[in-house]
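What follows is a short report on a single structure.
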Amino acid sequence: MPERNEVSWTAMISGFFRGGRVKESMWYFERNPFQNVVSWTAAINGFVQNGLNLDAMKLFRRMLVSDVRPNDVTFTSVVRASADLRDFVLGMNVLGLIVKFGFEQNISVCNSLITLSLRLSEIDCAQRIFDRMETKDVVSWTAILDMYVEMGNLKEARQIFEDMPERNEVSWSAMIARYSQSGNAEEAVELFRQMVQDCYDPNRSCFASIISALANLKALQAGMNIHGHVTKIGLEKDVFISSSLIDLYSTCGETEDARLVFNLISEKNVVCWNSMVSGYSKNGQLEKAKEVFDLIPNKNKVSWNTMIAGYLENEQWDKVFEVFNQMLLFGEMPNKSTFSSILCACATMASLEKGKNLHGKSFKLGLQNDVFVGTALTDMYAKSGDIMSSKKVFSKMPEKNEISWTAMIQGLAENGFAEESLILFEEMEKTNSSLVPNELILSAVLFACSHCGLVDKGLWYFNSMEKVYGVKPNTRHYTCLVDMLSRSGRLSEAEKCIETMPWKPDYNTWAALLGGCFTYKDERIANRAAMKLWEMGEDSEEKSGGYVLLSNIYASAGRWVDVLNTRKLMKEKGLKKSSGCSWVEVRNQIHHFYSQDGNHNQSEEIFDGIFGKTRVDVECGCKIKKNGHMCMMAVAGTTGHMDKYKAEADSIYKTANNILDKSDKLSNCPAA
DNA sequence: GACTCTTAAT
């Protein structure tokens, strides 16, 4: 039996810490007869490694009191603990001690101080420490490189990377990771190629990053090559790499391969569990996702958020709220991601009451200043028809990105404030030179032009898309344009526009034209548009709108034979008229209305309950029975937002009447 | 012993 000395005691301490066995570790620490700097530091660092930063600080205090002189390693650990605690005052106190004990020129200590400053967003401080260092090593350079990336300045970071006196795998890996995280997947791949060419050995972090970048690019084959290589060098069971691989395979639709990777991981952590849940839900396999989710031994926020996002993406809104409630019951605090998802569900359902409630909750949790939450709120209020609140939230947002602007611009346009929406767009252009209008904003702008009849302005925007904004018009933009021309009766122009499209128009584009033909009763163009829709013959249920529209046009012209033929064709193609659906929330319960089968089983009760109070509502009530979408009007009435709708009420009533007329005509049709 | 890594959201 070898003799136990100071070294073996310290080895016991750090060994147990490494295995996460804090109690055993401290048992040995307290009984160590040879307590010295090294054993103290081993224990402090052990706490830090296990995320127990407060305990680390407490132990550090005990160490100072017992007159043991800390060394550079101690300080590096303690600084990291303050960084992880995000505690600036603590960090500054530690800095005082560092100076007092004379370690302010120690490279490792300075490196960790730079990281500390970065975590606390003290950019100047980080820069000062870096500049004052007499000697710098790769770590210092990598840390400062990371600073520029954190500031969102990838260009500057790249410059530093190029200028660094020396590089190691970590610097390469950091640069690649950052490119990958900020959506520059191609650049990440390019850098990886260079790295391999320059004979650096990629480490596990690097593999994790590059696989993640390849997943973003949906580059399955390249990813599989890397997977092969990783397996060859025996890293295939690494959790980091495996999590990325799971993401890669499921993003490319190969959930079974993802599952194989998942099954191989010997020590699964939360992240890889979460990746698997996300993988299944990305591919619409919600049952499997839920199955895996239920098995996660130590769920964290991300697990819950992933499950919520899964249901959201697959439009199972009731489940979204169910899981959210379970999350709260479980005692997990929702964060910004949770709120942005759940508010998105409220927006889609136009569920104003729930949305308001969540607005309050997010405020309580201090999340109201987050871009994601603010944007989601703006969108939710706009989609629920409460445009005033939407504007209020938007104007109070301290930070806005292009998605926030898009939500507001689109929201105004959709709520009938198209002119204001265009003014806002112009304001954005003037005041935010850094925000480059993207294709989403531009399609919102075209939508606005289309809806306030500003055809020429719309045409101008469309024509300057590529020249001024450098955005190539996509099918959606063309559809907006066609819609705009069709709505204003410029049907032949609209038709010409479709014909000159650089690629094959999509179903919606023709449908937009057909819609215009219906309004302006142009049978000739309608016939041509219909023929095209015919030829495209897309046999999916949701694409049946065109046929319905066509049969309506025939119906309005009294061409019953054609109506019958259209319907027969739909039947042959197995198309069902997709039912329009609307819903209304009463006492926290969601009730659906389908325009096809007409009656909700409790319709009468609900109408009496909510619409019985005001005249306007009663008026709506009867129409709702035939057209579910009128519901929202009525809801606006009961929630006190009716006045905002008054201007539009007429046109909506007209539309509703049109629809009712159509269905009446159809039912008049002799053989229907 | 320090710097880098994987999952969720508008």
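Every chain is numbered from 1 and lettered A, B, ... according to where its sequence line falls, protein lines coming before strand lines.
- Across B/dC3, B/dA9, B/dC5, the shortest atom-to-atom separation from the side chain of A/S337 is found for B/dA9.
- Taking the centre of each ring, A/F29 and A/W9 stay at or above the 6.0 Å mark.
- Within the nucleic acid shown, A/K282 comes within 4.0 Å of sugar-phosphate atoms alone, with no base atom in reach, counting heavy atoms only.
- Considering only the side chain of A/F372, B/dA9 comes nearest among B/dA8, B/dA9, B/dC5.
- Taking atom CG of A/N111 as the reference point, atom P of B/dT4 lies 11 Å away to the nearest angstrom.
- For A/F339 and B/dA8, the CZ to P distance is 20 Å, given to the nearest whole Å.
- Within the nucleic acid shown, A/N335 comes within 4.0 Å of at least one base atom, counting heavy atoms only.
- A/S244 comes within 4.0 angstrom of the backbone, heavy atoms only, and of no base.
- Listed candidates were B/dA8, B/dA9, B/dG1. Nearest to the side chain of A/V73 is B/dG1.
- Between the P atom of B/dC3 and the CD1 atom of A/I114 lies a distance of 12 Å, rounded to the nearest Å.
- Within 4.0 Å (heavy atoms only), A/A177 reaches sugar-phosphate atoms of the nucleic acid but no base atom.
- Considering only the side chain of A/D137, B/dA2 comes nearest among B/dT10, B/dA2, B/dA8.
- No contact: A/D238 has no heavy atom under 4.0 Å from any strand.
- Atom CG in A/D370 sits about 9 Å away from atom C1' in B/dA9, given to the nearest Å.
- Atom pair A/D379:CG and B/dA9:C1' shows a separation of 13 Å (rounding to whole Å applied).
- Contact check on A/E256 versus A/R259 returns no salt bridge, with no Lys/Arg side-chain nitrogen under 4.0 Å from an Asp/Glu carboxylate oxygen.
- The aromatic ring centres of A/W172 and A/F192 sit 6.0 Å or more apart.
- Using a 4.0 Å cut-off between a side-chain N of Lys or Arg and a carboxylate O of Asp or Glu, A/D247 and A/K282 qualify as a salt bridge.
- The two residues A/I265 and A/K237 make their nearest non-hydrogen contact at CG2-O, 3.9 Å.
- Looking at A/N283, its side chain does come within 3.5 Å of a backbone N or O of A/S250 through a donor-acceptor pair.
- For A/Q49, the listed nucleotide lying nearest its side chain is B/dG1; candidates were B/dT7, B/dG1, B/dT10.
- B/dT7 atom P lies 11 Å from atom CG of A/L248, rounded to whole Å.
- Note: CG (A/N168) to P (B/dC5) measures 13 Å, nearest angstrom.
- To the nearest angstrom, P of B/dT4 lies 18 Å from CD1 of A/I241.
- Residue-level contact check: A/E402 touches neither bases nor backbone, having no heavy atom under 4.0 Å from any strand.
- Within the 4.0 angstrom heavy-atom criterion, only backbone atoms of the sugar-phosphate kind lie near A/Q181; the bases stay farther away.
- Minimum atom distance to the side chain of A/A309 is reached by B/dA9, of the listed B/dT4, B/dA9, B/dT7.
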